[in-house]
Protein chains: 2
Amino acid sequence: MSILFSPIKDSQTLSQKIERKIEQAIRDKQLPAGSKLPTEHELCKMFAVSRTALREALRRLSARGLVDIKKGSGMYVSDYNIKDAISSLLLYYDLKFDNNLILHINQARLMFEPEITKLAAINRSKKSLAEIRKSIDDLISCHPDHIQAEADLINLFHAKITESSGNSFVIISMEPIFSLIPRMRNFIYANIEGERDVRVKFHEKIYSALEAKDGDAAHAAMKELIEHTNKTYIEKLQKYNKE
Amino acid sequence: MSILFSPIKDSQTLSQKIERKIEQAIRDKQLPAGSKLPTEHELCKMFAVSRTALREALRRLSARGLVDIKKGSGMYVSDYNIKDAISSLLLYYDLKFDNNLILHINQARLMFEPEITKLAAINRSKKSLAEIRKSIDDLISCHPDHIQAEADLINLFHAKITESSGNSFVIISMEPIFSLIPRMRNFIYANIEGERDVRVKFHEKIYSALEAKDGDAAHAAMKELIEHTNKTYIEKLQKYNKE
DNA sequence: AGCTTTAAATTTGTCGTACATATTTATTAA
DNA sequence: TTAATAAATATGTACGACAAATTTAAAGCT
């Protein structure tokens, strides 16, 4: 019976209707990024609505990152970037964050990162290679007590490789992991005596494959590294459960 | 000099401050999904602000999917789901949609879907296998003139396999592709004489591997299928450019 | 006593007015 | 010509009033 009859009355509020019209103009490229929107006063006249409904519509658009509102200046179509793109994903993961998600992320990394590293070996530029090199050098020279900095440099290593793939979909798909890792790093990257040297060896091996543009070697080396990372995570988890 | 001094005055509007406090309560699980928020009147008293600023804060939260506002009833913490999770991603892809993105998506699928299918072969349930079976059967019996329906069934086949992996991160990462495909399908899934039979053969082969829980066979078969899909897309693109 | 209908209360949606505050533009002074 | 000041512009917040959807309470009917 749900198809036979549908609501006669539109359940959208006025502000949602306004939101939709402005959003559609943005999606249709009628309002390019950076362009200034008409003032509140002008938009109220255009839409024949009160300032309240219009402002509420604009708050909705602003909250979703579509427009920037500047007091005293005006409202501008924002340049929607990757950070905006993953904002709702990050919120979702924050709300659903648990150990199961970490396990799934670890599993996905094992599936995806060797493939990504293989592509990166082919697509990497001199510049991206230098950035990867720097992350390794910084890790080597990082003070042993700077555990957080160490984990961040490991994270950076992985992120830079993903960037080197040059595939925008891949980069965006992996970005939530790298954004979440500051939160997980004490779990994922084991703080164990001698671990750093093991890790540096893995990084060097991957770097060599990238440098040599050897996709298969890169794939194999990254697979090994992720397996190692996941293994130490499982061990750490079991140790924690035993206590 | 940027670290030495920082803005004295907080640039956040009052409504953004309110938004943040309510959001934090939600993130901290103080306000679980489904629970009713205090009324506007109560919140105005709690925060000691006017109704205007509060409503604008609530519009921001509502626009991001964190709360549902029901006229005459009240405001509720929403059950943030996968659809919400990918909403900003889908917006990003809509704003940046071009052929380059399609190529990147195709490339990512070649990297990821064989791995996903391999995992699905291990993790699939009887139920998920039956759903995959149904999508193939529906494709076989689909009328030859129903080009859109055909493409949607192909899409469903792929989506069901990804679901069968049982990995939440993987499912979410691939969801934008399946959401975007209705838009791309006339490009991605070639409408060529005889193509449907070729495709059904690929689907059957993958299905057999899934049924047999043969991860390597599943991986190889899916790789072959994606290569085929990507190849016909490139051919179609070149044909289009020639005209 | 239980169910249905009607009325009242509650809660969010929209409008209009007023003033505050940040930014931009225009005018004046050096 | 440049710098300082004033005026205008544009968004931020508050308040009061009324509209409209939902919920609750009361009245009416069987």
Side-chain angles (χ1 to χ4, degrees), chain A residues 2 5-23 25-26 31-79, chain B residues 5-23 25-26 31 33-79:
Chain A
S2 66
F5 302 117
S6 59
I8 292 169
K9 211 151 190 170
D10 184 4
S11 65
Q12 300 283 303
T13 64
L14 190 54
S15 63
Q16 280 167 327
K17 287 174 187 166
I18 298 165
E19 176 194 9
R20 226 170 11 182
K21 282 190 187 288
I22 295 171
E23 180 178 340
I26 293 169
L31 293 169
S35 61
K36 188 175 186 305
L37 259 64
T39 63
E40 287 181 1
H41 183 66
E42 284 161 352
L43 288 169
C44 286
K45 281 197 299 183
M46 289 181 200
F47 287 116
V49 295
S50 77
R51 197 170 159 221
T52 308
L54 179 84
R55 288 177 60 84
E56 292 184 2
L58 287 162
R59 276 2 171 233
R60 300 185 62 90
L61 291 166
S62 166
R64 292 167 54 210
L66 281 156
V67 302
D68 288 323
I69 302 170
K70 294 183 182 155
K71 180 175 175 179
S73 170
M75 299 171 294
Y76 304 84
V77 178
S78 56
D79 188 9
Chain B
F5 301 116
S6 59
I8 292 169
K9 212 157 185 151
D10 184 3
S11 65
Q12 298 283 302
T13 64
L14 191 52
S15 64
Q16 280 168 325
K17 285 173 187 167
I18 299 165
E19 176 193 8
R20 226 171 10 182
K21 283 192 188 286
I22 295 173
E23 180 178 341
I26 292 170
L31 291 170
S35 63
K36 189 174 183 303
L37 259 65
T39 64
E40 285 182 3
H41 182 66
E42 286 161 350
L43 287 168
C44 285
K45 282 197 298 184
M46 288 181 202
F47 287 116
V49 295
S50 76
R51 199 169 158 224
T52 310
L54 179 84
R55 289 177 59 84
E56 291 185 3
L58 287 162
R59 270 26 179 206
R60 298 185 63 92
L61 290 165
S62 166
R64 291 165 58 211
L66 282 157
V67 302
D68 288 320
I69 302 171
K70 293 184 186 158
K71 182 175 175 180
S73 172
M75 299 171 293
Y76 305 84
V77 179
S78 57
D79 188 10

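All chains are named by letter (A, B, ...) in the order of the sequence lines, taking the proteins before the strands, and each is independently numbered beginning at 1.
Taking 4.5 Å as the limit, some side-chain heavy atom of A:Thr39 sits within range of a side-chain heavy atom of A:Lys36.
If you check residues 41-67 of chain B against DNA chain C, the residues with a heavy atom closer than 4.0 Å are B:Arg51, B:Arg55, B:Arg59, listed by number. For the segment residues 11-20 of chain A, the set of residues with a heavy atom within less than 4.0 Å of an atom of DNA chain C comprises A:Thr13, A:Leu14, A:Ser15, in numerical order.
Listed here is the closest heavy atom pair of A:Ser78 and A:Ala33: O-CB, 3.7 Å. Across all their heavy atoms, A:Ala57 and A:Ser15 have their closest contact at CB-O, 3.2 Å. The minimum heavy-atom distance linking A:Ser62 with B:Arg60 is given by the pair OG-NH1, 3.0 Å. Minimum heavy-atom separation, A:Pro32 to A:Val77: O-CB, 3.5 Å.
D:dG16 atom P lies 16 Å from atom CD of B:Glu40, rounded to whole Å.
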Pairs under 3.5 Å (N/O, protein and nucleotides 20-27 of chain C):
residue: C:dT21; atom: O4'; partner: A:Lys71; partner atom: NZ; Å: 3.4
residue: C:dA22; atom: OP1; partner: B:Lys9; partner atom: NZ; Å: 3.3

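The salt bridge (Lys or Arg N to Asp or Glu O under 4.0 Å) contacts involving residues 41-52 of chain B comprise B:Glu40-B:Arg51, where partners must be two or more places apart or lie in separate chains.
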* Asked: Checking side-chain contact (heavy atoms from CB on, under 4.5 Å) for the pair B:Leu58/B:Arg55: CA distance, chi angles, key distance, verdict?
  -> CA-CA 5 Å; B:Leu58 287 162; B:Arg55 289 177 59 84; 5.6 Å; no
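A:Arg59 is linked by a salt bridge (charged side-chain N to carboxylate O under 4.0 Å, His left out) to B:Glu56, counting only residues two or more places apart in sequence or in another chain.
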Let me check something: any side-chain donor-acceptor pairs from residues 65-73 of chain A under 3.5 Å, sequence neighbours excluded? List them with distances.
residue: A:Ser73; atom: OG; partner: A:Tyr76; partner atom: OH; Å: 2.7

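If you take CG on B:Leu54 and CD1 on B:Ile22, they are separated by 6.0 Å, rounding to the nearest 0.5 Å.
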